[in-house]
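Chain letters run A, B, ... following the sequence lines, proteins first and then strands; every chain starts at 1. Fair warning: this is a prediction, and the values are worked out from it, not measured in the lab.
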2 protein chains.
Amino acid sequence: MKENKSKYAIMGILSMGPMSGYDIKKRFEKSLAYFWSESYGQIYPILKNLAKQGLATRSIKKQEGKPDRHIYALTDKGRKALQEWMIQPVGRLIGRHEILLKLFFGQQVSLADNIRQVEHFRKLQSQKLKEIKATEEVLKADHKDNPNLTYWLMTVRCGQYVNRAYLRWSDETLAVLRGMEQEGVIKNGN
Amino acid sequence: MKENKSKYAIMGILSMGPMSGYDIKKRFEKSLAYFWSESYGQIYPILKNLAKQGLATRSIKKQEGKPDRHIYALTDKGRKALQEWMIQPVGRLIGRHEILLKLFFGQQVSLADNIRQVEHFRKLQSQKLKEIKATEEVLKADHKDNPNLTYWLMTVRCGQYVNRAYLRWSDETLAVLRGMEQEGVIKNGN
DNA sequence: TAGAGCATGTAATAGGTTACATGATTAG
DNA sequence: CTAATCATGTAACCTATTACATGCTCTA
């Protein structure tokens with residue numbers, strides 16, 4: 001039972017209303033960027049496939065001066081398939097943390113190199129935290145009465161919790177690394 | 001400049017001392033499992049390639065009653081390549097959080113379904129936290145005087161920080177969802 | 001006039017897992 | 001007797017990104 005998550009991610013977006021592949025991409029970038037993304041190379045073939053399997057319908061909206069829009073809409077069968085997937089318990093996430101991998105082998109490079117690396121990581125994370133806050137504001141402003149909003153804000157919260165954890169960890173780790181640096185100086189001074 | 005991270009992950013393990021593909025797999029499982037993993041399908045071809053590129057040497061240790069061991073050792077060239085990779089600033093991590101994806105579309109299923117999902121997620125995370133704690137104890141006991149230990153414990157701390165963030169988020173989210181359930185009951189009761 | 005936005009899509013390539021094949025030994 | 005551990009490796013498969021191709025309009 002191989003479940004292609006991209007397929008369900010796309011069906012999920014489609015559950016918010018009929019739209020084109022182009023729209024779907026923008027939705028991912030606007031509201032889900034900090035925990036999910038899909039490329040056109042995935043989106044267009046999957047949409048084609050959804051139509052073939054009867055999980056979505058496709059209609060063409062002609063436009064002048066712009067390319068035609070291929071609008072996809074979830075069918076009842078598609079919505080049922082999405083719901084079935086949604087109630088399956090999630091698997092454990094196996095993230096590949098480059099920063100942890102590099103730090104794990106920290107002994108191979110200088111203390112200064114490790115410090116630089118963690119500082120850079122910290123900067124990335126605080127940037128990301130800002131982006132998540134921006135997403136939160138946009139969601140609150142644009143979808144005040146949308147019944148989905150409660151759920152969307154829950155995912156935003158998760159991003160914030162995790163990101164703050166990264167920031168606190170970075171600070172702690174930098175303190176330890178800088179302490180080691182000091183020790184080294186003292187030792188060399190004796 | 002395409003950098004294959006698996007290659008460097010394996011070189012990193014090799015930086016701890018010469019060993020076989022089998023050993024490498026075990027190392028990943030024992031000490032890096034919560035933030036990195038590699039399958040045999042990656043390890044063996046990459047090892048072959050490292051040898052071909054002069055980044056590692058290969059020697060065969062014959063054993064009786066057991067298959068021969070192919071021992072790989074990092075060369076100076078290999079160590080330098082590893083160090084060069086290690087000082088490159090890390091990229092942003094684009095985790096795909098299945099739980100957040102499902103919750104984002106939470107409106108599509110019942111409140112009870114969402115609660116069940118988050119409860120299950122919480123269970124997975126507290127299990128993982130236990131595993132990280134176990135890893136910490138093993139590292140401390142087995143490698144008391146290993147100069148790598150400081151770095152290893154930093155990665156462990158990160159796992160703990162993030163995991164506790166997930167647990168706190170789960171609790172908050174479950175409280176909100178249960179509150180919504182209550183509201184629903186009151187409304188239905190009127 | 002260059003670049004961004006609109007809009008579709010494909011092909012090449014990279015990255016990664018799973019299942020399979022082999023075969024002896026040892027522990028339950 | 002069964003399952004796990006030791007140990008190597010490959011082939012089939014799935015997943016995902018990137019670059020490319022097309023071509024119009026609007027803005028700086």
Side-chain angles (χ1 to χ4, degrees), chain A residues 1-10 13 18-30 32-33 35-52 56 58-72 91-98 101, chain B residues 1-11 13 18-30 32-33 35-52 56 58-72 85 91-98 101:
Chain A
M1 231 187 261
K2 295 265 160 76
E3 301 289 9
N4 185 338
K5 286 173 195 169
S6 294
K7 177 178 152 185
Y8 292 103
I10 290 168
I13 302 285
M19 66 185 97
S20 70
Y22 193 79
D23 295 335
I24 290 171
K25 184 82 200 295
K26 276 192 300 177
R27 286 285 173 118
F28 275 116
E29 280 160 9
K30 217 173 119 195
L32 295 85
F35 71 87
W36 205 276
S37 70
E38 294 292 344
S39 62
Y40 287 125
Q42 292 269 92
I43 293 170
Y44 285 117
I46 286 175
L47 283 174
K48 221 181 220 178
N49 211 262
L50 290 179
K52 209 171 69 183
R58 163 176 164 154
S59 57
I60 290 164
K61 238 189 191 163
K62 280 183 184 159
Q63 296 188 124
E64 276 175 48
K66 287 181 192 174
D68 294 350
R69 287 163 55 76
H70 297 195
I71 307 293
Y72 290 84
R92 15 173 76 226
L93 46 84
I94 15 99
R96 292 173 78 138
H97 280 254
E98 197 184 339
L101 187 63
Chain B
M1 230 187 264
K2 297 264 161 75
E3 302 288 9
N4 184 335
K5 287 172 195 169
S6 294
K7 177 179 151 183
Y8 293 102
I10 288 168
M11 284 204 274
I13 301 285
M19 66 185 97
S20 70
Y22 191 80
D23 294 335
I24 290 171
K25 183 82 199 296
K26 275 190 302 177
R27 285 282 174 120
F28 275 115
E29 281 160 8
K30 215 174 122 193
L32 294 87
F35 70 88
W36 205 275
S37 69
E38 295 292 346
S39 62
Y40 286 126
Q42 293 271 88
I43 293 170
Y44 285 117
I46 286 175
L47 282 175
K48 221 182 218 178
N49 213 261
L50 290 178
K52 208 171 71 185
R58 163 176 163 154
S59 57
I60 290 163
K61 238 188 192 167
K62 280 181 183 159
Q63 297 188 126
E64 275 173 51
K66 288 179 193 175
D68 293 351
R69 286 162 57 76
H70 297 194
I71 308 293
Y72 290 84
W85 175 75
R92 18 174 73 229
L93 47 84
I94 15 99
R96 293 173 75 137
H97 281 254
E98 198 184 337
L101 188 65

Respond yes when some side-chain nitrogen or oxygen of [X] is under 4.0 Å from OP1 or OP2 of [N], and no when none is.
{"X": "A:Gln42", "N": "D:dT17", "answer": "no"}
{"X": "B:Ser20", "N": "D:dT8", "answer": "yes"}
{"X": "B:Tyr40", "N": "D:dG9", "answer": "no"}
{"X": "B:Gln63", "N": "D:dA7", "answer": "yes"}
{"X": "A:Tyr44", "N": "C:dT8", "answer": "yes"}

| To the nearest 10 degrees, how far apart in direction are the end axes of the helix from C:dT1-D:dA28 to C:dG28-D:dC1, each fit to five base pairs? | 40°

| field | Residue met sooner reading DNA chain D from 5', once B:Arg69 and A:Ser6 are mapped to nucleotides | value | B:Arg69

| Proximal nucleotide (of D:dA16, D:dA7, C:dC6) relative to the A:Asn4 side chain | D:dA16

| field | Of the listed nucleotides C:dG9, C:dT10, D:dT15, the one nearest the side chain of A:Pro45 | value | C:dT10

| said: Judged by each residue's nearest nucleotide on DNA chain C, which is more toward the 5′ side, A:Lys48 or A:Asp68? | reply: A:Asp68

| query | Can you check the A:Arg96 CZ to D:dA16 P distance for me, whole Å? | reply | 13 Å

| request: Find the distance B:Ile43:CD1 to C:dT18:C1' and express it as a whole number of Å. | output: 14 Å

| task | May I ask you to check whether over 12 heavy atoms, not counting those of A:Lys25, lie within 6.0 Å of atom NZ? | result | yes

